[in-house]
Amino acid sequence: MDCVTSEEGSKAWAEVVDEKLWLKSTKIDLGEHEGFVKWVLGTGTVKLPKSLANREYVNGTSEYNIYTGEDDWGSEDDGEEEEEEEIEDFEELVKEIDTLFKEYEGAIFPMSNIKAPRDAGWAIVNGEVLQCQNTTEVCLLLKSSSLTTEDWSARHTASKPLQMTLRKWYDIDEYNCFRCFVVNGVLVGISQKRLSEFFPFLYNVIDNIKEAAVALASSVTASLSSHDVSTPEKFCFDMYVLKNKSKGRLMGFHPFTAESALLFTPEDLLSIPPQDCPELRIIPDRDSIVDVGVANSMKQAIPEDLKNFSLLNEAAESIDKQNGKGEVKASVEEMIKLMKMQDDQ
């Protein structure tokens, strides 16, 4: 294939690239945890298995009042008791995730094989950023996500291996995030990811950023080759530069398209002279923020569902200000109308 142009194609690479190249993460093969798979893919009332049902997280941020099959508001004489459906426990997986929380000494960001459960943030306390503080939150987030169940259901039906990826949660510094572009095995370009900010101090570490990117690009290409994955002529990936500025870690792959090019265009990337590779582009001054900010949501390839969620928030805030009160009284129709007006602009 000449280039990675689909989101699914780029995400599929995440399954084979060596774990050591990523921000700290662990992949768990779910082949031996059929009970968990059945629980996630099952329908009906969400009930926790015994290994999770009665947990209290004293030093965590969450305390749960999850339905476990016992009602604490009804009396014993409320009528016929419904026969409880027995939930197959997955105690060994719970222990494995518990161990990772101790190892990581912090929160976890969970994924299925290639999907982040971004549609289920409502299920946990810090759902806006998918930050899980304990094992119960990891399981609930994945169970509540249609993106997760769709991914695993399709793989389960096709008898393909199911994996869970658990990444150590990091407070990401936006100025350390870059997108890297590889053409014919050569790193040709590096772009600042955060297009709405000017970071003047980046000019002092340009050489460090380039060195980290070159090393990571080489490792990514070698890793793909070692797994018999056909490396396309053109692809791009996101890199996080560690605080010592000497190493970069992989954050994810993206399609090689105009939308993913950020401060470049595809034509720019294909015409950079070899002696100038890699070319690093960062926001040069505060005035330039306005120029790129107009197309910011497109350039950063923000998922449409998150973009619409953001517009709903903006619409709510706008109506809130017009009412001059602390609660939004607008109808859903009014919010949708504002969203359409935003799209027309």
Side-chain angles (χ1 to χ4, degrees), residues 11 14 22-28 30 33 35-70 72 87-153 162-172 251-252 302-310 312-313 316:
K11 285 183 176 179
W22 294 87
L23 288 172
K24 192 171 185 179
S25 62
T26 300
K27 292 180 181 179
I28 298 177
L30 298 179
H33 303 291
F36 174 73
V37 174
K38 289 180 180 178
W39 179 74
V40 171
L41 301 184
T43 59
T45 305
V46 178
K47 295 192 289 185
L48 295 176
K50 292 181 180 179
S51 56
L52 290 176
N54 299 316
R55 289 190 168 200
E56 291 186 5
Y57 295 95
V58 178
N59 58 348
T61 60
S62 310
E63 289 186 4
Y64 295 96
N65 183 21
I66 302 298
Y67 177 66
T68 60
E70 299 178 359
D72 55 5
I87 303 173
E88 185 175 347
D89 210 343
F90 37 90
E91 186 175 359
E92 292 303 314
L93 178 61
V94 168
K95 290 179 180 177
E96 195 168 347
I97 300 174
D98 284 344
T99 300
L100 280 178
F101 270 102
K102 294 178 182 177
E103 178 185 334
Y104 288 172
E105 298 180 337
I108 282 177
F109 175 90
M111 294 179 61
S112 64
N113 284 59
I114 60 173
K115 296 284 189 179
R118 63 176 185 269
D119 60 329
W122 51 269
I124 64 173
V125 174
N126 293 321
E128 183 178 347
V129 289
L130 304 183
Q131 183 188 52
C132 296
Q133 300 290 342
N134 49 62
T135 303
T136 302
E137 288 196 333
V138 168
C139 295
L140 283 175
L141 189 60
L142 294 171
K143 166 71 173 173
S144 304
S145 171
S146 295
L147 295 174
T148 296
T149 54
E150 288 170 5
D151 180 23
W152 280 342
S153 291
L162 275 61
Q163 289 182 335
M164 175 197 302
T165 299
L166 301 177
R167 294 183 182 169
K168 177 179 172 62
W169 175 264
Y170 291 88
D171 289 323
I172 297 295
M251 297 180 70
I302 295 175
E304 194 63 28
D305 52 354
L306 294 185
K307 180 181 176 184
N308 289 340
F309 182 75
S310 176
L312 277 172
N313 282 340

Please examine the side chains of Glu103 and Lys24, heavy atoms only from C-beta on, and report whether any two atoms are closer than 4.5 Å.
yes

Once you round to the nearest 0.5 Å, how far does CG of Asn134 lie from CG of Asp98?
9.0 Å

Per side chain to side chain contact (heavy atoms under 4.5 Å, CB included), Pro110 is matched among Leu166, Thr148, Ile28 by Leu166

When the ring planes of Phe90 and Trp39 are compared, do they come out parallel, tilted or perpendicular, using 30° and 60° as the limits?
tilted

For the residue pair Thr165 and Trp22, establish whether any side-chain heavy-atom pair is separated by less than 4.5 Å.
no

side-chain contact (heavy atoms from CB on, under 4.5 Å) between Asp151 and Leu162, worked out:
CA-CA 9 Å; Asp151 180 23; Leu162 275 61; over 6 Å; no

Please examine the side chains of Leu100 and Thr135, heavy atoms only from C-beta on, and report whether any two atoms are closer than 4.5 Å.
no

Taking all heavy atoms of Arg167 and all of Ser25, pick out the closest pair and write down the distance.
CG-CB, 3.3 Å

Please check this pair: side chain of Ser145 against backbone of Leu142, looking for a donor-acceptor N/O pair closer than 3.5 Å.
no

What is the distance from atom CG of Leu140 to atom NZ of Lys143, rounded to the nearest 0.5 Å?
10.0 Å

Decide yes or no on side-chain contact (heavy atoms from CB on, under 4.5 Å) for Trp152 and Val37, but give the supporting numbers first.
CA-CA 8 Å; Trp152 280 342; Val37 174; 5.8 Å; no

side-chain contact (heavy atoms from CB on, under 4.5 Å) between Glu150 and Lys115, intermediate numbers included:
CA-CA 9 Å; Glu150 288 170 5; Lys115 296 284 189 179; over 6 Å; no

Taking all non-hydrogen atoms of both residues into account, name the closest pair between Phe36 and Leu93 and its distance.
CG-CD2, 3.3 Å

Here the gap from Tyr170 atom OH to Tyr104 atom OH, rounded to the nearest 0.5 Å, amounts to 8.0 Å

Within a strict 4.5 Å, meaning less than it, do heavy atoms of the Leu23 and Lys168 side chains meet?
no

Hey, mind stepping through Thr26 and Glu96 against side-chain contact (heavy atoms from CB on, under 4.5 Å) and telling me if it holds?
CA-CA 11 Å; Thr26 300; Glu96 195 168 347; 5.7 Å; no

Taking every heavy atom of Ile97 against every heavy atom of Met164, the minimum-distance pair comes out as CD1-SD, 4.2 Å

Point-to-point distance, once rounded to the nearest 0.5 Å, from CD of Glu137 to CG of Leu52
11.5 Å

For a quick test of reading the model, state the closest non-hydrogen atom pair linking Leu41 to Thr149 and the distance between them.
CD2-O, 3.8 Å

Would you compute the distance between atom CD1 of Ile108 and atom SG of Cys132 and round it to the nearest 0.5 angstrom?
8.0 Å

Between Asp119 and Ser146, what is the shortest heavy-atom contact and its length?
OD2-N, 2.8 Å

When rounded to the nearest 0.5 Å, the distance separating NZ of Lys38 from NE2 of His33 is 14.5 Å

Tell me whether the count of non-hydrogen atoms from other residues, nucleotides or ligands lying under 6.0 Å of NZ in Lys50 goes above 12.
no

